Amino acid sequence: MEKIDPWGSHLVKDYSRLIKDFGLEPMEDSFHDFPEPNYLMKRGIVFAGQGLKELAKAMQEKKPFYCLTGMMPSSERIHFGTKTVIEMVKYFQKQKAKTFILVADLESAATRGISLKEARERALNFYIPAYIALGLNPKKTTFYFQSENSEVKNLAYLFSQKITMNEFKSIYGEIHPSRILSALAQAGDILFPQTIERMPGVIPVGVDQSPHIRLSRDIVRRTKREFNFFLPSATYHKFVPALDGSNKMSKSSPNSFVSIPESPKDSGKKMLRALTGGRNTIEEQKKLGGQPEKCMVFEMYKQHLIEDEKTLQKVFDDCKKGKLLCKEDKENASNLIIKFQQNFQKKLEKAKKTRKQWKFFK
Ligand code: TRP
């Protein structure tokens, strides 16, 4: 059985197994129901979700719905998984979702010992502008800090009555008081928009966050009489691949992950060193073709670097035919990521200047 730990860090090998073990809904079965599904949904990078049919229906019928996600301001950098979250938020914003982005400052205090003040500064100086640089529309977003949202905290307290220790253990495995508080606050976040207006909602997150969705859905079922909330829907994306093809998100292999931001040069170098599906010799590769299915560079294209379907297909075909060899391809990838980092820096500086437009809920 695959393990999911929202506070841990490991990569998943077998996503179909995960779907089975945790009763998730494959995106494959649902993306046709969504208006204008984006490339992440079509490619199965956003590979699963919960409550997808209900969500798609509400969107098709143009009913009001919300999109909410959050960030722990725990470092000075984000990674490509965050870009995927924002791509999904962008998609839902385009489909008229009421959008909420929260800063999980209570969670980072409880689980990482980061002071509320520090969390606040990081969020204002980096996280929020980074999200905007990645394409979030700040004019159509409500931001909040967990610590300043008394509704979220009140919900967390009310929810604490609805769940037993054994249920906590069965959802999260090992659990401590700090994690219990954080999980309840997160359930508060997930359902909070419905205290303003009862409506369906979607939480785009990495699959590591799925235990929190499960908890929230259990709570909704148990608070039917008090609150009558809609069950929250979620979309789950895959983990960012480690460039060396390993299955661990280890701090000891910083060369396997590109941070955002990062010096363009360093990112470029990382791509040049990535594991590919290349053959032993050039002759062999020209004859047999490459193996993009096993190639971390191709996985980066697919998940993050090439949105256009035709361009991606051409890389795939040329590689398969043995026409595009790994050296040239890695240089292309390296250039793409260099451009990405340069662009990001520019957009980040610009986004910082839009601070007056950000709306905070208190
Ligand atoms: N737990 C999330 C993280 O580790 C942050 C978070 C808090 C969150 N509340 C949320 C994410 C609600 C999505 C929805 O980054």
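These numbers were taken from a predicted model, which means no experiment stands behind them. In each ligand, atom 1 is the first atom listed, and ligand 1 is the first ligand listed. Sequential numbering from 1 along the given sequence is applied to the chain's residues.
The OG atom of Ser115 lies 8.5 Å from the CZ atom of Arg122; values are rounded to the nearest 0.5 Å.
Under the 4.5 Å side-chain contact rule for hydrophobic residues, Tyr131 and Leu124 share a cluster. Under the 4.5 Å side-chain heavy-atom criterion for ILVMFWY residues, no single connected hydrophobic cluster contains both Phe22 and Leu52.
Sorted by chain and number, the heavy-atom contacts of ligand 1 below 4.0 Å come from Leu68, Thr69, Gly70, Met72, Leu102, Ala104, Glu107, Gln146, Gln186, Asp189, Ile203, Val205, Gln209.
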- Task: Decide yes or no on ring pair (Phe, Tyr, Trp, His ring centres under 6.0 Å) for Phe100 and Tyr144, but give the supporting numbers first.
- Result: CA-CA 8 Å; Phe100 297 83; Tyr144 71 85; 7.1 Å; no
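A donor-acceptor pair under 3.5 Å is absent between the side-chain atoms of Asn149 and the main chain of Phe145, judged by distance alone.
By the 4.0 Å N-to-carboxylate-O rule, Asp317 lies too far from Lys320 to be salt-bridged with it.
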